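Quick notes on the structure that follows.
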2 protein chains.
Amino acid sequence: MLYTVGEMAKKLDMPTSTLRYYDKEGLLPFVERSGGGMRMFRDEDIEWLKVIGCLKKAGMKLTDIKRFIEMAMAGDETISQRLDLIAAQRKEVEAQIQAMNQTLATLKFKEWYYTTAKQDGSTDRVRNMPSEQIPPEFWQVRAELKGDTVNQSK
Amino acid sequence: MLYTVGEMAKKLDMPTSTLRYYDKEGLLPFVERSGGGMRMFRDEDIEWLKVIGCLKKAGMKLTDIKRFIEMAMAGDETISQRLDLIAAQRKEVEAQIQAMNQTLATLKFKEWYYTTAKQDGSTDRVRNMPSEQIPPEFWQVRAELKGDTVNQSK
DNA sequence: GTACAAGTTGAAGTTAACTTCAAGTCAATG
DNA sequence: CATTGACTTGAAGTTAACTTCAACTTGTAC
């Protein structure tokens with residue numbers, strides 16, 4: 001089955017302009033052309049585009065994704081490099097998730113903070129609250145926000 | 001304790017240009033000025049800057065962060081709005097973490113894929129491998145990449 | 001009081017990843 | 001074979017969040 005750029009865009013739920021842009025940037029060396037010069041996507045190209053989407057979500061720049069695609073086009077001699085790149089990116093994403101969890105912890109503290117303040121009708125009490133009155137799961141986050149040093153695990 | 005923009009930048013490990021930019025954009029209405037017009041940061045401003053950093057990591061735009069800061073400056077009447085904003089952002093971050101985990105799953109599949117291909121010296125076998133020979137934890141991800149419909153839990 | 005590092009401002013430049021536009025071509029339909 | 005909607009291209013425009021620059025001022029150290 002062959003698809004025009006518009007059909008492929010609909011399948012992947014993205015604008016045609018993005019597909020054309022990716023092609024222009026060299027990310028889609030696998031798309032063929034009709035006699036009249038139109039892009040013809042194959043079914044298996046969907047998988048490539050989904051991989052591109054994954055790498056993008058992982059935070060890779062288009063130029064780096066391009067290099068990955070070029071490696072893949074080069075064939076089996078690049079398998080090891082591709083593995084390295086994917087493994088590095090996996091570690092990257094794991095680090096990002098860790099960072100996001102830290103951000104989440106801070107937001108949860110702030111949510112508790114404003115929930116408490118809302119009950120009081122004022123931030124006065126919660127702002128100056130001593131640690132003993134604060135749920136333990138927030139101790140770490142609050143200390144970091146305030147710049148206090150806190151007991152390190154050791 | 002008072003700090004100049006340079007001292008504060010060092011404390012927060014960010015360029016002075018960013019602090020000045022944030023100030024220009026109205027994110028730092030709390031910084032005072034010396035007689036000669038220099039920004040004087042207080043210790044408690046560090047906390048505000050860390051909160052701004054948290055909201056930025058959470059994916060908020062500077063204009064929205066500005067609105068939050070303005071609310072905080074307005075005082076206790078805005079507690080409820082601030083709570084709503086933080087709670088919404090917390091949900092946002094939870095969704096982002098979920099999405100990141102999906103991306104991670106795809107990368108892990110790809111890592112297995114290229115590890116297998118590397119052992120074979122070719123992608124041929126793994127590319128056409130039937131599901132039975134693939135570790136079950138990758139079935140879902142591979143099916144989504146290929147666009148296959150897979151058994152939904154129901 | 002002079003040097004000089006560090007501060008100030010407004011304006012312009014940068015970057016990535018698109019999007020929009022204009023002018024023209026292709027292909028399916030009746 | 002004419003219409004029309006979807007396609008083509010290169011070029012220019014957009015956006016957010018900064019960074020850099022130039023010209024000038026402030027504050028501290030000697």
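Note that this is a predicted model, so its numbers are computed, not measured. Within every chain, numbering begins at 1; the chains are lettered A, B, ... in the order of the sequence lines, protein sequences first and strands thereafter.
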inquiry  = For Phe30(A) and Trp48(A), take the angle between the two ring planes, folded into 0 to 90°, and tell me which bin it lands in: parallel under 30, tilted 30 to 60, perpendicular over 60.
reply    = parallel
key: Minimal non-hydrogen separation, Val141(B) against Ala105(B), with atom names   = CG2-CB, 3.8 Å
request  = Please collect all side-chain hydrogen bond (donor to acceptor under 3.5 Å, both in side chains) contacts where either partner lies in residues 27-36 of chain B, sequence neighbours excluded, each pair once.
outcome  = Asp23(B)-Arg33(B), Glu32(B)-Arg42(B)
ask   = Under 4.0 Å: is that the gap between some side-chain N or O of Arg20(A) and OP1 or OP2 of dT8(D)?
value = yes
key: Within 6.0 angstrom of Gln98(B) CD, more than 12 heavy atoms from elsewhere   = no
query = Could you state the CG-P distance from Leu19(B) to dT9(C), rounded to the nearest angstrom?
reply = 13 Å
Under 4.0 angstrom between Arg33(B) side-chain N/O and dT26(D) OP1 or OP2 = no
message = If the cut-off is 4.0 Å, is Thr4(A) near the phosphate of dA6(D), judged by side-chain N/O to OP1 or OP2?
response = no
request  = With sequence neighbours excluded, tell me which residues meet side chain to side chain donor-acceptor pair (under 3.5 Å) with Tyr3(B).
outcome  = Asp43(B)
task = Describe the nucleic acid contact of Arg39(A) in one word from base, sugar-phosphate, nothing, applying a heavy-atom distance below 4.0 Å.
result = sugar-phosphate
query = Rounded to whole angstrom units, what separation is found between the CE atom of Met8(A) and the P atom of dA6(D)?
reply = 18 Å
inquiry  = Generate the contact string for nucleotides 14-30 of chain C. Rules: B means base contact, S means sugar-phosphate contact only, - means no protein heavy atom under 4.0 Å.
reply    = ---BBBB-----SS---
query = Heavy-atom count around Lys146(A) NZ within 6.0 Å, excluding the residue itself: above 12?
reply = yes
task = Mind calculating the distance between NZ (Lys10(A)) and P (dA6(D)) to the nearest angstrom?
result = 8 Å
